[in-house]
Amino acid sequence: MDDFRSTEIIFGPQHPGIHGNFAMRLELEGDMVRRARLVPGYLHRAFEKLMERRTWHQNIALVPRICVPDPDVNEAAYSMAIENIMGLEVPRRGNYIRSIVLELSRLAAHLMGLGGLGGAIGLYTLPMWTNGERDYVLDLFEALTGGRVYHMYTWPGGVRWDMPENWPRKALKVMDHIEAQLPSYYSLFFESKVTDARLKGLAPITTSWAVEHGVTGPNLRATGLEVDLRRDDPYAAYEELDFDVITLKQGDGMARALVRWYEVGQSIRIIRDAIEKMPGGPVIAKTPPPLAFMVPPGDHYAHVESSKGEYGYYVISKGGKYPYRVHVRGPSFTHGIDVLEKMLVNQELADVALITGGLDVCPPDIDR
Amino acid sequence: MSPGHRQVIMMTDFVKKTIRPFRALRFLARKPHTIISPHEQHNDIEGEPLPTERYRGIHINDWETCISCGLCARICPCDAIEMVDVEGEQKKRPEVSYGRCCFCGFCEDVCPRDSMHLTSNYVMIDKNSETFTFLPENDLKEFQKEYIVETSQLRYNDKDVKKAEKEPSAKKGGKGKKKK
Ligand code: SF4
Ligand code: SF4
């Protein structure tokens, strides 16, 4: 190729269209991207290594920071791995509360993701609305866990505290409120001419391509494959809760956004169902106190369905107070590096931010 | 379907999709989600004030019951707590550095005598950064209390906001001296 025909631009990390702290080097020919290389590493905090020097419980304060918009999946997957090595049984009520927290977290993350997508196509009303409603979810988290963004609420063995008495009522109220808002998001965003023009047919992927490249979660469901860890490998209380796995056929940008919009409705349904079926009893199993907490030798891979895809923790213990090794399998690592590099080829520069946003890439989880 | 029919459908679709987003205009009449802090109180969906009781904010420590066991310093994932000698006290007391604390509340959980607590007060404003390494005592520090009283007396109206904008230095902190 003639050297003067292509331009290389550096997109991010200081770019309003980029989803967090990572950069792309795009080789352009005119307006078309011919080659994309992802440059992660701006947010590398060596979490996996740090965790080897901290006790099992101290790590609970560390893991939620790996994915900022959807922090609870980290605590849950990490705790589940430990429980499995120790053979701990979580009380039923603890599992129900875990499910509620995980769904609230998914709800908040999807609202934020949809808002970001609205921002990427220049529809700034949507992020204002979704972030406004997300704030009510954060209020719920605050009343339940004591933290708004990082909750540090799920422990090995259950959850730290029981729900306050008036919390279920408040939660149902917030659910009603968000459900009432959903149609207006739909008419604002999905029934708009602009969204049609920008998202329909944007970077379509097929199921076989997606499976080959390790795409999981809503992005895979948008291609028509019915997979959902909540149903296929139930954890927490999902086995006893009612919900549908949302799939769409098209596999394009519109389908990816719509799956998320429908999943907000499903999350609301799960939370309502869990509050209704909430059993009594303790919320945490009998465990040794945190400073005397030892995990017998063993290893386990625990995975959960996060708002972005499959989220897994591989924990190895050689006995003692500290983990020997913890490995985090984040969905954004595959979506944000390999998949994105291939999907951006032959797309227009103006769509780069939209494709990244549509995949719901979360850079803190790429770098860890 | 005849071509004419399809055209009519496309036209109505076009009109619908062009008009629908303008429904958002009705939100102009709604109250905004944002509040003018600290003049307005932040409420949850039922109108109850936030932060709630469980909110993890600034520490207090009851020196009567604290047995100086140091467990809080050992569990702290951020190494924010140090057991220090205090003048006029026989026992060492935990000193918290807010430059490091991540407000996880583990120190509260692990405390055998239930003396350490995280209050729901989160306002930390002071010109002197040294203020934020201090010994939690039975009560909130002076500089925190001063702020709470002031905000709770304020009610939002335009006059207040204008006044606050005019005299940005009206609220002075800096009373919390480090005990040593
Ligand atoms: S854990 Fe409690 S009793 Fe022990 S030193 Fe800390 S505050 Fe005092
Ligand atoms: S709240 Fe957490 S980080 Fe802060 S002092 Fe207590 S244990 Fe340490």
Side-chain angles (χ1 to χ4, degrees), chain A residues 50 54-55 57-62 64-65 123 125-126 128-129 131-148 150-153 155 160-161 164 166-167 169-171 173-174 176-178 183-197 289-291, chain B residues 10 12-28 30-35 42-57 69-80 100-112 117-120 122:
Chain A
L50 275 177
R54 276 145 205 267
T55 63
H57 281 85
Q58 284 179 342
N59 282 334
I60 294 285
L62 199 60
R65 283 153 226 279
L123 190 69
T125 316
L126 191 69
M128 300 293 158
W129 287 4
N131 281 327
E133 309 316 343
R134 177 174 173 264
D135 215 56
Y136 286 123
V137 180
L138 298 190
D139 290 349
L140 283 182
F141 273 130
E142 182 188 322
L144 177 67
T145 70
R148 286 178 77 81
Y150 300 127
H151 313 123
M152 302 155 201
Y153 181 61
W155 282 83
R160 266 166 91 180
W161 312 289
N166 60 357
W167 194 84
R169 194 187 69 225
K170 270 188 198 165
K173 229 176 192 170
V174 174
D176 291 345
H177 177 77
I178 294 178
S184 48
Y185 295 166
Y186 191 86
S187 79
L188 175 76
F189 188 64
F190 294 105
E191 288 188 341
S192 149
K193 229 26 216 162
V194 182
T195 315
D196 265 10
L291 282 167
Chain B
M10 270 171 65
T12 45
D13 196 48
F14 178 79
V15 171
K16 244 190 349 204
K17 292 207 163 171
T18 314
I19 302 289
R20 283 263 166 90
F22 285 98
R23 284 199 208 154
L25 285 177
R26 72 174 190 280
F27 277 75
L28 280 177
R30 267 181 38 172
K31 235 180 123 252
H33 274 289
T34 44
I35 54 161
H42 186 192
N43 293 330
D44 69 1
I45 194 150
E46 292 195 327
E48 282 174 32
L50 290 169
T52 51
E53 229 167 80
R54 276 196 189 174
Y55 188 83
R56 300 190 294 254
C69 64
L71 284 182
C72 49
R74 274 179 61 203
I75 188 76
C76 181
C78 307
D79 248 346
R100 309 187 80 167
C101 175
C102 70
F103 300 98
C104 60
F106 291 174
C107 47
E108 178 177 353
D109 276 21
V110 85
C111 180
H117 281 292
L118 268 68
T119 60
S120 56
Y122 58 90

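Order of the sequence lines sets the chain letters (A, B, ...), proteins ahead of strands, with each chain counted from 1.
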Colleague: Report which part of Asp196(A) has an atom under 4.5 Å of a heavy atom belonging to chain B: side chain, backbone, both, or neither.
Modeller: side chain
Colleague: What part of Tyr150(A) is in contact with chain B, defined as an atom under 4.5 angstrom from a non-hydrogen atom: side chain, backbone, both or neither?
Modeller: backbone
Colleague: To the nearest 0.5 Å, tell me how far Phe103(B) CZ sits from Met152(A) CE.
Modeller: 10.5 Å
Colleague: Working to the nearest 0.5 angstrom, can you tell me the gap between Lys170(A) NZ and Thr52(B) OG1?
Modeller: 7.0 Å
Colleague: If you take all heavy atoms of Arg56(B) and Trp161(A), which pair is closest and at what distance?
Modeller: NH1-CH2, 3.8 Å
Colleague: How far does SG of Cys78(B) sit from CZ of Arg54(A), to the nearest 0.5 angstrom?
Modeller: 7.0 Å
Colleague: What part of His177(A) gets within 4.5 angstrom of chain B, counting heavy atoms only: side chain, backbone, both, or neither?
Modeller: side chain
Colleague: Please round to the nearest 0.5 Å and tell me the distance separating atom CD1 of Ile75(B) and atom CD of Gln58(A).
Modeller: 5.5 Å
Colleague: Within the distance-only criterion (no hydrogens, no angle test), does the side chain of Arg54(B) pair as donor or acceptor with the backbone N or O of Glu142(A) below 3.5 angstrom?
Modeller: no
Colleague: For the atom pair CG (Asn131(A)) and OG1 (Thr34(B)), what is the distance rounded to the nearest 0.5 Å?
Modeller: 12.0 Å
Colleague: Side chain, backbone, both or neither: which part of Leu71(B) has an atom under 4.5 Å from a heavy atom of chain A?
Modeller: both
Colleague: What's the spacing between Thr55(A) OG1 and Phe106(B) CZ if we round to 0.5 Å?
Modeller: 8.5 Å
